[in-house]
Amino acid sequence: MLHFHNTLTRSAEPFVPLDPEGKKVKVYTCGPTVYNHAHIGNFRAYLFEDLLQRHLEYRGFQVERVMNLTDVDDKTIRGAREKGVPLAEFTQPFKNAFFEDLTTLRIKPADAFPAATEPLHIARMIAMIAQLIATGHAYQADDQSVYFRIASFPRYGKLAHLNLDELRPSGRVSSDEYEKESIGDFALWKAHDVADGEVKWDSPWGPGRPGWHIECSAMATGMLGDRLDIHCGGVDNIFPHHEAEIAQTECCTGEKFVNLWMHCAHLMVDGRKMAKSFGNFYTLRDLLDKGWTGREVRYVLLSAHYRLPLNFTFEGLAGARSALQRLDAWQQRLADLAGTAQASTPPPAAAEDKFAAALDDDLNISAALGALFDLVRETNRAMDRNELSPKQARGLLDYWARLNTVLRLEPEAAAIPPEITALLAERTAARTAKDWAKSDILREALLQHGWLVKDTKEGTKVSCTKG
RNA sequence: GGCGGGGUAGCCAAGUGGUAAGGCCGGGCUCUGCAAAAGCCCUAUGCGACGGUUCGAUUCCGUCCCUCGCCUCCA
């Protein structure tokens with residue numbers, strides 16, 4: 001039985017899909033605002049969601065997932081203005097980069113990536129806002145913007161467990177929002193401002209643009225229906241974003257919007273919040289430029305429990321590289337032993353149960369990886385003693401292939417380049433001639449090219465050190 | 001001020017009312033032309049501090065310390 005921690009109730013709950021058949025699972029995940037390259041903190045959230053989806057699928061559920069792209073907000077508009085290009089032209093490269101990054105990190109694409117500026121979604125947002133006004137949940141203020149009236153929704157604050165009477169201004173509230181009935185009322189429709197330039201849509205309340213929260217409500221219900229199984233995001237989205245989504249959506253649909261809210265904790269870098277001013281701010285591209293690979297970053301960001309703050313360090317990345325190479329070596333050794341064996345012996349059932357059962361428990365990835373490494377040690381030991389048959393090796397490889405549909409930690413498919421093959425042949429010749437000096441020089445040369453040479457009983461083997 | 005997450009070996013990190021998974025690093029050994037890889041062994045009388053409950057607490061309760069975060073558009 002799967003259990004997940006629900007932010008709303010702050011406790012672990014058995015997972016039961018809305019689907020009467022118990023098969024289909026509807027998941028909505030808050031995506032990036034495309035004003036910049038996403039940073040590794042963003043990707044921690046997307047990797048957590050990837051793990052969630054893959055494990056649900058491992059357990060036989062059919063996941064339908066939607067991730068939005070916020071391509072209109074203060075930051076995107078500012079960026080477009082500074083660059084002197086239309087909004088869409090400004091955001092497109094960042095959308096493209098985001099998809100490339102997802103591929104690099106082996107994150108399974110959502111079934112749909114709706115963007116806020118698509119006419120279909122703008123229309124739905126306007127329709128929802130109109131309905132909210134008609135039912136008294138929203139009003140147009142003197143500044144022409146439309147606000148949600150939180151006083152009309154008593155449950156507002158339930159998700160974040162905030163007592164609205166005790167909120168104190170954080171200084172982030174802009175001072176010109178006195179038009180609102182209550183300080184907590186949030187914008188559904190922002191009246192056009194000169195600073196918005198050409199960015200505007202017509203609406204019954206005049207030209208303007210949608211507020212951030214309504215975007216997710218419209219796209220989530222528009223694409224997945226009025227009720228969702230799971231809605232994810234970072235903890236910083238709990239308030240006000242997800243709180244606002246609940247209020248807007250439930251006032252429109254009259255249904256319980258989301259059954260299970262899951263939020264991942266923040267990523268820290270070198271023990272502190274990642275910020276450009278601290279010099280510890282990294283995008284995925286920054287790490288790739290330093291020679292790290294997508295799967296290494298994936299491993300690091302995935303290997304700690306999602307609800308715990310994760311401290312990212314380069315020492316941790318190096319540790320990930322070592323651990324992954326050990327897994328690679330284990331698979332290679334199994335593959336060599338299995339040879340062409342077809343018949344597969346079932347893997348140790350207990351081991352499989354441990355891995356999947358750990359993930360069943362609110363995605364306890366640490367325990368799951370612990371179970372995997374136990375298996376690695378045990379089977380390596382068996383191979384040392386020649387106590388593992390080719391059939392058993394094949395069975396273990398089959399088992400690994402199943403686990404890997406969740407982990408996706410296989411080596412980068414690195415074809416050996418011709419020049420490397422040539423160097424290897426030259427070295428083999430030198431070794432046959434017992435010219436150890438030349439052999440060692442060639443080994444070092446290969447290492448410089450990024451290829452690690454191992455002379456084993458079965459012959460010389462080579463593996464890429466970058467991956 | 002309100003609310004919440006953390007403090008477990010050099011680093012990362014599971015976990016339990018009954019005596020501490022796993023990964024990385026480090027040391028020793030086996031194998032090897034050397035190396036690498038792999039395996040085995042070693043590496044926390046200790047789980048932020050102090051009290052309490054208990055036959056027994058890292059695990060429960062209390063107080064305190066440190067740290068990170070949210071409090072109206074940051075994953």
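In what follows, every chain begins at residue 1, and chains take the letters A, B, ... in the order their sequences are listed.
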Spacing of A:Phe4 atom CZ and A:Ser11 atom OG [to the nearest 0.5 Å]:
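Spacing of CZ (A:Phe4) from OG (A:Ser11) equals 14.0 Å.
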
[atom1] atom, [N] versus [M]: distance in rounded Å?
{"N": "B:G15", "M": "B:U58", "atom1": "C1'", "answer": "10 Å"}
{"N": "B:A57", "M": "B:A49", "atom1": "C1'", "answer": "15 Å"}
{"N": "B:A20", "M": "B:U45", "atom1": "P", "answer": "11 Å"}

Any idea how [X] and [Y] line up, ring-wise: parallel (<30°), tilted (30 to 60°), or perpendicular (>60°)?
{"X": "A:Phe99", "Y": "A:Phe113", "result": "perpendicular"}
{"X": "A:Phe148", "Y": "A:Phe153", "result": "perpendicular"}
{"X": "A:Phe281", "Y": "A:His39", "result": "perpendicular"}
{"X": "A:Phe90", "Y": "A:Phe94", "result": "perpendicular"}
{"X": "A:His55", "Y": "A:Tyr58", "result": "parallel"}

Tell me what [X] touches on the nucleic acid: a base, only sugar-phosphate, or nothing, going by heavy atoms under 4.0 Å.
{"X": "A:Asp74", "value": "nothing"}
{"X": "A:Thr70", "value": "nothing"}
{"X": "A:Leu267", "value": "base"}
{"X": "A:Asp455", "value": "base"}
{"X": "A:Val300", "value": "nothing"}
{"X": "A:Lys434", "value": "nothing"}
{"X": "A:His266", "value": "base"}
{"X": "A:His263", "value": "nothing"}
{"X": "A:Arg78", "value": "nothing"}

Once base and sugar-phosphate atoms are separated, protein heavy atoms under 4.0 Å mark nucleotides 5-12 of chain B, 5' to 3', with B, S and - as S-----S-

Any A:Asn364 side-chain N or O less than 4.0 Å from OP1/OP2 of B:G15
yes

Side chain of [X] only, heavy atoms from C-beta on: which candidate in [options] is closest?
{"X": "A:Arg381", "options": "B:C40, B:C24, B:A21", "result": "B:C40"}
{"X": "A:Ser366", "options": "B:A21, B:U72, B:G39", "result": "B:A21"}
{"X": "A:Ser439", "options": "B:G39, B:G33, B:A37", "result": "B:G33"}
{"X": "A:Arg377", "options": "B:U72, B:G39, B:C74", "result": "B:G39"}
{"X": "A:Asn380", "options": "B:G23, B:G39, B:A13", "result": "B:G39"}
{"X": "A:Ser322", "options": "B:C25, B:A13, B:A38", "result": "B:C25"}
{"X": "A:His305", "options": "B:A14, B:A37, B:U72", "result": "B:A14"}

Could you tell me how far apart [X] ([atom1]) and [N] ([atom2]) are, to the nearest whole angstrom?
{"X": "A:Phe314", "N": "B:C25", "atom1": "CZ", "atom2": "C1'", "answer": "18 Å"}
{"X": "A:Asp328", "N": "B:A36", "atom1": "CG", "atom2": "P", "answer": "19 Å"}
{"X": "A:Ile238", "N": "B:C71", "atom1": "CD1", "atom2": "C1'", "answer": "12 Å"}
{"X": "A:Ile365", "N": "B:G15", "atom1": "CD1", "atom2": "C1'", "answer": "16 Å"}
{"X": "A:Leu375", "N": "B:G39", "atom1": "CG", "atom2": "P", "answer": "12 Å"}
{"X": "A:Asp374", "N": "B:A14", "atom1": "CG", "atom2": "C1'", "answer": "11 Å"}
{"X": "A:Lys354", "N": "B:A21", "atom1": "NZ", "atom2": "C1'", "answer": "9 Å"}
{"X": "A:His242", "N": "B:C74", "atom1": "NE2", "atom2": "C1'", "answer": "12 Å"}

Name the pairing partner of [N], where a pair is Watson-Crick or G-U wobble with both distances under 3.5 Å, or state none.
{"N": "B:U59", "value": "none"}
{"N": "B:A38", "value": "B:U30"}
{"N": "B:U45", "value": "none"}
{"N": "B:C74", "value": "none"}

For the student: nearest non-hydrogen atoms of [X] and [Y], plus distance:
{"X": "A:Leu260", "Y": "A:Val258", "value": "O-CG1, 3.3 Å"}
{"X": "A:Pro210", "Y": "A:Ile122", "value": "CG-CD1, 4.0 Å"}
{"X": "A:Leu302", "Y": "A:Leu47", "value": "CD1-O, 3.4 Å"}

A:Arg427 side-chain N/O to A:Leu442 backbone N/O, donor-acceptor pair under 3.5 Å
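No; judged by distance alone, with no hydrogens or angles, the pair does not exist.
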
Base of [N], side chain of [X] - is there a donor-acceptor contact under 3.5 Å?
{"X": "A:Arg326", "N": "B:C24", "answer": "no"}
{"X": "A:Arg443", "N": "B:A35", "answer": "yes"}
{"X": "A:Lys190", "N": "B:C73", "answer": "yes"}
{"X": "A:Asn42", "N": "B:C74", "answer": "no"}
{"X": "A:Asp440", "N": "B:G33", "answer": "yes"}

In this structure, which one of A:Asp71, A:Asp73, A:Asp74 forms a salt bridge (Lys or Arg N to Asp or Glu O under 4.0 Å) with A:Arg209?
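Answer to the salt bridge (Lys or Arg N to Asp or Glu O under 4.0 Å) test with A:Arg209 among A:Asp71, A:Asp73, A:Asp74: A:Asp74.
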
Are A:Phe373 and the base of B:G22 stacked, counting only ring centres nearer than 5.5 Å and planes tilted under 30°?
no

